[in-house]
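For ligands, and for the atoms within them, numbers begin at 1 and follow the listed sequence.
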Amino acid sequence: MYGMIHRAVRQMVFDELGEDAWLALEHKLGIGPTELLTGMVYDDALTIAIISEASARLNLSVDVCLFEFGRYWIKYAERGSLASIMNFTGQDLASFIENLDRLHLAVGAAMPGAVLPSFTTVSKTPGRLMVEYRSDRTGLEPFVLGLFDGLITRFGATGDVKIADRKANVIVFELQYQDGS
Ligand code: HEM
């Protein structure tokens with residue numbers, strides 16, 4: 001994955017455990033600043049190794065760490081240079097999710113080699129969304145659950161997300177939420 005993702009994991013470890021914990025992680029994996037370049041593509045195996053080491057240090061299972069990283073990514077993207085992309089993507093949860101592919105298309109245009117996910121809203125009723133997730137990768141469902149959970153929070157709602165169905169190549173997520181207002 002792009003170094004941008006590694007930098008976000010680093011920031012999460014920094015925030016939770018401080019700089020020394022991150023430096024120890026780098027030492028263990030034999031990596032350094034070269035593996036954190038925002039605009040470079042790295043093997044997914046490295047991304048997974050970084051997440052696994054982070055989860056061990058945070059005392060979380062890999063799946064829980066991926067979930068927490070999903071939630072963290074939403075807060076991370078709200079800050080700094082990514083904030084305007086997030087603001088353009090949608091003013092409410094349903095439209096934001098409907099525009100996720102557009103967000104990734106825009107981002108991907110400047111990121112050759114990115115392997116981007118695709119999301120399709122297949123059902124939309126008040127307080128409930130069914131969203132199909134497609135990816136060339138496997139095993140990132142906990143990350144997606146955390147991302148959707150973070151989006152529910154971003155839009156001031158409360159609720160929960162679960163996996164409703166798995167078909168070949170498609171995972172269906174169900175979001176149930178109540179607006180905070
Ligand atoms: C400014 C906001 C965002 C940016 C810049 C961004 C960018 C990226 C990038 C660079 C990757 C990695 C692609 C690669 O290295 O191959 C990625 C992956 C991913 N993004 Fe986003 N993204 C953003 C927001 C979101 C949001 C809000 C979601 C919520 C669902 C999301 C869902 C995902 C998922 C699930 C992946 C994993 C890729 C896969 O499934 O194969 N992203 N994104």
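Selection from Val115, Leu103, Leu82, Val41 by nearest heavy atom to atom 3 (C) of ligand 1 gives Leu103.
For atom 10 (C) of ligand 1, the nearest non-hydrogen atom of the protein is Met111 SD, 3.6 Å. In this structure, atom 36 (C) of ligand 1 lies nearest to the protein heavy atom Pro117 CG, 3.6 Å. Residue, atom and distance of the protein heavy atom nearest to atom 38 (C) of ligand 1 are Arg137 NH1, 3.2 Å. At the top of the distance list for atom 37 (C) of ligand 1, counting protein heavy atoms only, stands Leu140 CD1, 3.7 Å. Ranking the protein heavy atoms by distance from atom 24 (C) of ligand 1 puts Trp73 NE1, 3.3 Å first. When only non-hydrogen protein atoms are considered, atom 2 (C) of ligand 1 lies nearest to Met86 SD, 3.7 Å. Taking atom 41 (O) of ligand 1 as the reference point, the nearest protein heavy-atom neighbour is Ser135 OG, 2.7 Å. Scanning all protein heavy atoms for the shortest distance to atom 15 (O) of ligand 1 gives Tyr2 N, 2.7 Å.
Atom 21 (Fe) of ligand 1 sits nearest to atom NE2 when only the N, O or S atoms of His104 are considered.
Ligand 1 places these atoms under 4.0 Å from at least one heavy atom of Tyr133: 35 (C), 39 (C), 40 (O). In the vicinity of Met1, heavy-atom distances shorter than 4.0 Å reach the ligand 1 atoms 15 (O). Near Val107, meaning under 4.0 Å from any of its heavy atoms, are these atoms of ligand 1: 5 (C), 7 (C). Close approach of ligand 1 to Val144 (heavy-atom distance below 4.0 Å) involves ligand atoms 35 (C). The Ile74 neighbourhood of ligand 1 comprises atoms 27 (C), with distances under 4.0 Å to a heavy atom of that residue.
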Self-check item: Pair Glu132-Lys167, salt bridge (Lys or Arg N to Asp or Glu O under 4.0 Å): steps then yes or no
Solution: CA-CA 10 Å; Glu132 290 183 348; Lys167 307 174 210 167; 3.7 Å; yes
Practice problem: For salt bridge (Lys or Arg N to Asp or Glu O under 4.0 Å), just list the numbers for Arg166 and Glu141, CA-CA rounded to whole Å, side-chain angles, deciding distance to a tenth of an Å, and then say yes or no. | Solution: CA-CA 11 Å; Arg166 289 168 189 271; Glu141 301 90 299; 2.7 Å; yes
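Only the side chain of Leu100 comes within 4.0 Å of ligand 1, counting heavy atoms alone; its backbone N, CA, C and O stay farther away. The proximity of Asp136 to ligand 1, defined as any non-hydrogen pair under 4.0 Å, does not occur for either the backbone or the side chain.
Ring planes of Phe148 and Phe173: perpendicular class, angle over 60° (limits at 30 and 60°).
With values rounded to the nearest 0.5 angstrom, Leu145 atom CG is found 9.5 Å from Asp63 atom CG. To the nearest 0.5 Å, the span separating CD on Gln11 from CZ on Phe69 amounts to 11.0 Å. Interatomic distance, CD1 of Ile85 versus CD of Glu78, reported as 13.0 Å (0.5 Å rounding). The CD1 atom of Ile74 sits 10.0 Å away from atom CG of Asp149, with the distance rounded to the nearest 0.5 Å. A distance of 8.5 Å separates CD in Glu98 from CG in Asp92, rounded to the nearest 0.5 Å.
With hydrogens and angles ignored, the 3.5 Å screen pairs a side-chain donor or acceptor of Asp101 with a backbone N or O of Phe119. A donor-acceptor pair under 3.5 Å is formed between the side chain of Ser135 and the backbone N or O of Arg137.
Proximity of Arg134 to Ile171: side-chain heavy atoms (C-beta onward) are nowhere separated by under 4.5 Å.
Remark: distances from the non-hydrogen atoms of Thr89 to ligand 1 are all 4.0 Å or more.
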